[in-house]
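Sequence lines set the chain letters: A, B, ... in the order given, protein chains first and strands last, and positions in each chain run from 1.
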2 protein chains.
Amino acid sequence: MANNRLSDLLHILVYIQMHQNQKLTSDLIASSLNTNPSLARRMMGQLRKADLLETTQGSATPKLTKDPKDITVFDVYLATCPDSPLLKVDHNTSKECQVGNAIPGVLNKYYLDIQSAAEAKMRHVTIQDLINDVEMSIRHHLMVAEQ
Amino acid sequence: MANNRLSDLLHILVYIQMHQNQKLTSDLIASSLNTNPSLARRMMGQLRKADLLETTQGSATPKLTKDPKDITVFDVYLATCPDSPLLKVDHNTSKECQVGNAIPGVLNKYYLDIQSAAEAKMRHVTIQDLINDVEMSIRHHLMVAEQ
DNA sequence: TGTTATTATAACATTAAAAGTAACAGCAGA
DNA sequence: TCTGCTGTTACTTTTAATGTTATAATAACA
């Protein structure tokens with residue numbers, strides 16, 4: 001998966017939570033994402049497998065499995081694609097070359113540290129935080145439009 | 001560029017520094033990377049543009065521009081590809097939808113924070129650190145082989 | 001001053017991954 | 001039962017990176 005998949009999954013969760021009382025077909029969700037219903041359903045499938053979303057076949061009633069305060073960006077990041085770090089070590093190096101042989105292991109150590117730092121930040125942001133900001137942004141947008 | 005390009009650029013700098021007294025053709029460097037000389041030269045070109053490597057057309061004498069202690073992983077990360085963050089916000093959302101319109105800006109704020117945390121870690125690792133670890137790994141490898 | 005080796009670079013082909021698209025079986029609800 | 005929707009699969013298209021080839025320009029040296 002690409003590293004912009006997270007953006008779409010967060011978008012979907014925020015959209016669904018903010019439209020709980022309204023119609024929530026994959027068609028509507030897809031149009032907010034500027035994509036097609038099939039891809040939207042596939043992405044919702046990722047969220048379902050990560051136990052972040054409940055869906056019912058035949059019924060346009062997706063629902064977060066938890067309070068948005070209890071879902072972090074990190075949870076959603078884990079849903080994007082297992083074992084796909086932000087930085088990838090190139091393991092396809094020459095094993096005949098001493099440097100080529102040693103480099104992947106060495107880089108891996110530092111990459112894990114970088115990854116952890118990023119993940120720590122992800123753990124501190126919740127879907128509710130995003131919703132609050134989106135609502136604020138919408139209010140601000142309306143105020144500007146009214147002037 | 002892919003997010004494993006950084007791995008190759010670090011590899012190149014370490015390799016060059018550790019073979020300063022030896023032959024350093026793009027062919028040799030490419031074989032350590034398990035790739036082709038043309039791509040190796042292209043990657044060295046990225047390092048040259050970032051002012052991390054000096055090369056001379058016609059002469060197989062690449063050389064780091066600075067002491068390896070003074071080149072950080074972050075410097076090399078900047079060389080990989082300008083304006084390509086670890087996480088990408090999907091800006092292709094519906095502007096007619098309030099959520100679709102607001103989400104990119106909201107996510108961007110949090111993504112910058114995540115990016116900064118990762119970059120801070122990168123700034124604390126130098127090429128010299130990598131060289132030390134590679135040398136240690138080679139020594140350890142030899143010791144095990146001798147037993 | 002040639003000759004050979006090498007780099008820098010461009011053009012093109014190949015590959016791989018993601019996204020787009022279409023189709024269809026199965027469930028929900030009226 | 002009928003309609004609308006989901007879950008899923010298969011296939012096509014697109015895009016980005018890499019692989020490959022070729023060529024002009026420079027360096028080193030006999």
Side-chain angles (χ1 to χ4, degrees), chain A residues 1-9 11-12 15-16 19 22-51 53-63 79-85 87-94, chain B residues 1-9 11-12 16 19 22-51 53-63 79-94:
Chain A
M1 306 292 172
N3 51 1
N4 67 346
R5 171 59 59 102
L6 176 60
S7 181
D8 288 346
L9 295 192
H11 183 155
I12 290 173
Y15 186 93
I16 289 174
H19 295 80
Q22 293 156 59
K23 217 182 168 191
L24 277 170
T25 63
S26 58
D27 212 43
L28 277 166
I29 294 168
S31 77
S32 173
L33 287 159
N34 256 0
T35 183
N36 56 80
S38 184
L39 182 54
R41 288 198 292 271
R42 258 185 276 171
M43 294 196 282
M44 285 195 278
Q46 290 188 286
L47 292 168
R48 182 168 10 92
K49 287 191 187 96
D51 198 34
L53 191 68
E54 279 173 358
T55 62
T56 318
Q57 184 167 6
S59 166
T61 56
K63 194 173 180 311
T80 55
C81 71
D83 307 321
S84 178
L87 288 167
K88 289 195 185 61
V89 172
D90 183 356
H91 289 279
N92 179 222
T93 56
S94 169
Chain B
M1 306 289 175
N3 52 359
N4 67 345
R5 171 60 59 102
L6 175 61
S7 181
D8 288 346
L9 295 192
H11 183 155
I12 290 173
I16 290 174
H19 294 78
Q22 295 156 58
K23 217 182 169 192
L24 277 169
T25 63
S26 57
D27 213 42
L28 278 166
I29 295 167
S31 76
S32 174
L33 286 160
N34 257 0
T35 183
N36 56 81
S38 185
L39 181 55
R41 288 198 292 273
R42 256 184 276 172
M43 293 197 283
M44 287 195 278
Q46 290 188 284
L47 291 168
R48 181 166 12 90
K49 287 191 187 96
D51 199 33
L53 191 68
E54 278 173 358
T55 63
T56 318
Q57 185 168 4
S59 166
T61 56
K63 194 175 181 309
T80 55
C81 69
D83 307 320
S84 176
L86 297 172
L87 289 168
K88 290 194 184 61
V89 172
D90 183 356
H91 289 279
N92 179 222
T93 55
S94 168

For [N] and [X] - does any side-chain N or O of the residue sit under 4.0 Å from the phosphate oxygens OP1/OP2?
X       : N      : value
A:Arg48 : D:dG7  : yes
A:Asn4  : C:dA19 : yes
B:Lys23 : C:dT6  : yes
A:Ser26 : D:dT6  : yes

Expressed in angstrom and rounded to an integer, what is the separation of [X] atom [atom1] from [N] atom [atom2]?
X       : N      : atom1 : atom2 : result
A:Gln46 : C:dA19 : CD    : C1'   : 12 Å
B:Asp27 : C:dT6  : CG    : C1'   : 10 Å
A:Met43 : D:dG7  : CE    : C1'   : 15 Å
A:Asn34 : C:dT21 : CG    : P     : 12 Å
B:Met44 : C:dT6  : CE    : C1'   : 10 Å
B:Lys88 : D:dT15 : NZ    : P     : 15 Å
A:Leu28 : D:dG4  : CG    : P     : 15 Å
A:Asp8  : C:dA19 : CG    : P     : 7 Å

Would you tabulate the pairs of protein nitrogen or oxygen atoms and nucleotide nitrogen or oxygen atoms of nucleotides 25-30 of chain D closer than 3.5 angstrom?
| residue | atom | partner | partner atom | Å |
| --- | --- | --- | --- | --- |
| D:dA25 | N3 | B:Gln57 | NE2 | 3.3 |

Determine yes or no for a side-chain-to-main-chain donor-acceptor pair under 3.5 angstrom, with B:Ser7 supplying the side chain and A:Asp90 the backbone.
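It does hold such a pair.
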
B:Ser31 side-chain N/O to B:Leu28 backbone N/O, donor-acceptor pair under 3.5 Å:
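Yes, the answer is positive, given that a donor and an acceptor are paired below the 3.5 Å cut-off.
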
Detail all sub-3.5 Å separations between protein N/O atoms and N/O atoms belonging to nucleotides 20-22 of chain D.
| residue | atom | partner | partner atom | Å |
| --- | --- | --- | --- | --- |
| D:dT20 | O4 | B:Arg42 | NH2 | 2.8 |
| D:dT21 | O4 | B:Ser38 | OG | 2.9 |

Which residue lies more 5' along DNA chain C, comparing B:Leu24 with B:Asn92 via nearest heavy atoms:
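Its nucleotide being nearer the 5' end, the pick is B:Leu24.
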
Over all heavy atoms of both residues, which pair between [X] and [Y] is shortest? Give the atoms and the distance, please.
X       : Y       : value
B:Asn36 : B:Leu39 : OD1-N, 2.9 Å
B:Met44 : B:Ile12 : CG-CG2, 4.0 Å
B:Pro85 : B:Lys88 : O-NZ, 4.0 Å
A:Pro62 : A:Ile16 : O-CG2, 3.6 Å

From A:Met43 CE over to A:Ser26 OG, what is the distance, rounded to the nearest 0.5 angstrom?
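A:Met43 CE to A:Ser26 OG: 10.5 Å, rounded to 0.5 Å.
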
With side-chain contact (heavy atoms from CB on, under 4.5 Å) as the test, pick out the partner of A:Thr80 among A:Leu6, A:Leu47, A:Asn4.
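With A:Thr80 as partner, A:Leu6, A:Leu47, A:Asn4 yield a single side-chain contact (heavy atoms from CB on, under 4.5 Å), made by A:Leu6.
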
side-chain contact (heavy atoms from CB on, under 4.5 Å) partners of B:Thr93, counting only residues at least two apart
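Once residues adjacent in sequence are excluded, the partners of B:Thr93 under the side-chain contact (heavy atoms from CB on, under 4.5 Å) criterion are A:His11, B:Lys95, B:Pro104.
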
Looking at every strand, decide which applies to B:Ile29 at a 4.0 Å heavy-atom threshold: base, sugar-phosphate, or nothing.
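Contact class for B:Ile29: none.
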
